[in-house]
Amino acid sequence: MEYVSICMLLDYRKQIDSNLSKTNPLEYREVYLIWYDQLCVDNFPASVKEEKPLLLFIESVQRVNQIPYHKKKLVFLYSAMRHFALECEKMGFSVYYHSTSDDYASSIIDLLQKHTHWNLSYMQPSEWDSREAIKTVKENYPSIQEYPNNFFLAPLKPYVPRISKGWRMEFFYREMRRMTGYLMHGENPIGGEWNYDKENRKKLPLEINLPPVYKKDKDNITHEVMDMVEAIYPNNFGVIKDFNYGVTRSDALDALQYFLGNALENFGPYEDAMTIRGSVLFHSHLSMYLNVGLLNPKEVCDSVIHHFEKNQTIPISSIEGFIRQIIGWREYIRIYYEAMMPKVREANYFNFEKSLPAVYWTAETKMKCMSECVHPVIEKGYVHHIPRLMILSNFSNLTGTDPRALNEWFWLGFIDAYEWVVLPNVLGMSTFADGGILASKPYVAGGNYVNKMSDYCNQCSYSVKEKTGNKACPMNYLYWNFIDQQRETFSKSGRASFMVKTFDKKSILEKNAIKASSEKFLAELPRLSKEEWLSNA
Ligand SMILES: Cc1cc2nc3c(=O)[nH]c(=O)nc-3n(C[C@H](O)[C@H](O)[C@H](O)COP(=O)(O)OP(=O)(O)OC[C@H]3O[C@@H](n4cnc5c(N)ncnc54)[C@H](O)[C@@H]3O)c2cc1C
Ligand code: SF4
């Protein structure tokens, strides 16, 4: 990747420079560093809110030189940071907005060397690499003060030891329901069940229309950031055109209201459905805002519960399903990250070593399910949970792809991906790379599942009804091939051991055809590592 000079960066900060008052950093002693994913004044430590130190923003592009993040993700992040800096100034803070092509550690050290009178404080970052960066700084400047991270709901201490030993989400979730009081009658869950997952699996009927996706117009700041990203990173992943995500707290609150009014009611029943008609369906599309602090999880849950109390027509499966995602999965995933890092970065239980299939970079394939799920990632950096799990990760598993390469692809390709959330979902949940700490069995499925949950197969060049041969759906034979090859793992898993038994009952002829079709498909499958893709870009 090309080196980005500071002059190039300075060319693209005219908007922020003309809107932000000039601050003289020499005039301040107390300085509070804002990380890129902590964009919320309400979360500032009480002393920061009261004493109003100088707020230091560091817009570092150094990591982008290593990971070719989606262009829309970069626009979202830089534009959101710039808007937040201006908002802080309006709230009476002085702001020092620093652009750099250096990494965080060197740029903070550099600033501290120039401003030896600064007393720096910050909130613990959510991502490991940022923590490592600040650790390096602290070795030279031990007086820097760290505040605990307050962007999550669950305390770490009681849960880290349990989750690292394989304690499942469902039990954690019940404790979170008790702790928060959401959907509880005293000690009991409202409606009598803790979990309405069984009611969250309907296929989308033709007569149900999808709400339009929430969109926001761009202002000059976002236009300038788009110009910067396009000029500096023309070959990064994804399409920059038609950026229409919100970038401020008020946009994020609007997006939350939009979800409550337009989608929440149908969220539960169609949570697992997929369709060629759209990639968001009735999902909230709020993860990008939650993960940078523009929304906080408590206010999202409070709004959902309040809306439910006012609108009794909303089914419990929608409300419970949504609350479970936030106080259950999201919090559990974050604790898993704390418990498992950094060793888990190298997890690869099945020892798969193959590069990603080329379709992950190009969306070019005859498989309708894959093209339908990769296209929105390239266009928008988003598909909902089930395409991530049951199509994109499933195909990676079935093709023996290195889960770490898949993890990196998710990390660079998705608008909401930060390591604390993407890594547990990929290496823990979707690829079983951790060997079963997070999930009880590998998530794999054949064409039947895809056909049951989507309208993709009707439009596909392959036939979902055919099990082997050139016309057959590749998910079909690859699935059974996977079960056969990983039989030891499935046989050990109580719930999944029946799959091996089902395979074993197949005739020799059928087993041979599964093997032959799989070998042919895998041998002909074009693959492209990140490095190869970049060198072609
Ligand atoms: C392979 C894979 C990779 C994923 N990578 C990411 C990622 O990089 N960033 C990310 O935020 N989520 C990730 N998820 C979780 C989930 O798919 C997304 O949070 C969700 O699709 C975001 O869309 P939404 O806001 O419309 O979510 P909704 O379906 O509306 O759910 C509401 C909220 O619940 C939270 N949530 C739900 N499931 C999870 C989960 N498993 N982990 C964490 N939070 C969850 C999110 O904050 C989400 O906004 C991944 C899941 C899988 C299977
Ligand atoms: S037939 Fe198979 S390959 Fe085609 S869309 Fe369905 S599951 Fe995907």
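Nothing fancy with the numbering, it's 1 onward along the sequence. Each ligand, and each atom within it, is numbered from 1 in the order the structure gives.
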Which label fits Y270 and F282: parallel for a plane angle under 30°, tilted from 30 to 60°, or perpendicular past 60°? tilted
Does the ring of Y443 carry K441 above it, NZ/CZ under 6.0 angstrom from centre and within 45° of its axis?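 Judged by the rule, K441 and Y443 form a cation-pi pair.
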Identity and distance of the protein heavy atom lying nearest atom 22 (C) of ligand 1: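 Answer, as residue, atom name and distance: S287 OG, 3.2 Å.
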Looking at P424, A417, G381, the heavy atom closest to atom 8 (O) of ligand 1 belongs to A417
Against the six-membered ring of Y289, is R249 placed for a cation-pi contact (under 6.0 Å from the centre, within 45° of the normal)? no
How far is atom 4 (Fe) of ligand 2 from the closest protein heavy atom, and which atom is that? C460 SG, 2.3 Å
Nearest neighbour in protein (non-hydrogen) for atom 14 (N) of ligand 1: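 Atom 14 (N) of ligand 1 sits closest to the protein heavy atom N425 ND2, 3.4 Å.
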Using a strict cut-off of 4.0 Å, indicate which atoms of ligand 1 neighbour a heavy atom of M429. 41 (N)
Can you classify the ring geometry of W361 versus F237 as parallel (below 30°), tilted (30 to 60°) or perpendicular (above 60°)? perpendicular
For atom 9 (N) of ligand 1, what's the nearest protein heavy atom and its distance? D416 O, 2.9 Å
Could you label the plane-to-plane angle of the Y360 and F395 rings as parallel, tilted or perpendicular, counting under 30° as parallel and over 60° as perpendicular?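 Ring orientation, 0 to 90° scale: parallel.
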Just going by heavy-atom distances, which of Y443, Y382, F410 is nearest to atom 23 (O) of ligand 1? Y382
Options E271, M288, R388, ranked by nearest heavy atom to atom 20 (C) of ligand 1, top entry: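 The option holding the nearest heavy atom is R388.
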For ligand 1, which atoms, with element, lie under 4.0 Å from some heavy atom of N291?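 Per the distance check, 9 (N), 10 (C), 11 (O).
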Please state which option from C473, A472, C369, G447 has its nearest heavy atom closest to atom 1 (S) of ligand 2.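 Looking at heavy atoms only, C473 sits closest to atom 1 (S) of ligand 2.
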Just checking: C457, one of its N/O/S atoms, less than 2.8 Å away from atom 6 (Fe) of ligand 2, yes or no? yes
Is F322 in contact with ligand 1, taking contact as a heavy-atom separation below 4.0 Å? yes
Checking heavy-atom distances from atom 1 (C) of ligand 1 to each of S279, G413, S393, the winner is S393
Suppose I only count heavy atoms of S430 and a 4.0 Å limit; which atoms of ligand 1 are within that range?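 It comes down to these atoms of ligand 1: 1 (C).
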What is the closest protein heavy atom to atom 27 (O) of ligand 1, and at what distance does it sit? S284 OG, 3.9 Å
Between I333 and ligand 1, find which residue part has any heavy-atom pair under 4.0 Å and reply side chain, backbone, both or neither.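 It is the side chain that touches ligand 1; the backbone stays farther off.
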Considering only heavy atoms of F267, which atoms of ligand 1 have at least one such atom less than 4.0 Å away? 28 (P), 29 (O), 30 (O)
State whether the number of non-hydrogen atoms from other residues, nucleotides or ligands found under 6.0 Å of D217 atom CG is greater than 12.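 12 or below, so no.
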For the residue pair F259 and F322, categorise the inter-ring angle as parallel (less than 30°), tilted (30 to 60°) or perpendicular (more than 60°). tilted
Would you say ligand 1 has an N or O under 3.5 Å from any N or O of L286? yes
Any chance CG of N470 has more than 12 other-residue heavy atoms, nucleotides or ligands included, within less than 6.0 Å?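 Open: at most 12 neighbouring heavy atoms sit under 6.0 Å from CG of N470.
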As a check for students: among M390, Q325, E331, H285, identify the option with a heavy atom nearest to atom 36 (N) of ligand 1.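 Ranked by closest heavy atom to atom 36 (N) of ligand 1, first place is Q325.
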Distance from atom 53 (C) of ligand 1 to nearest protein heavy atom, with residue and atom: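 Checked against all protein heavy atoms, atom 53 (C) of ligand 1 sits closest to H385 CE1, 3.6 Å.
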Just by distance, no angles: are the side chains of E271 and Y196 close enough, under 3.5 Å, to form a donor-acceptor pair?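 No.
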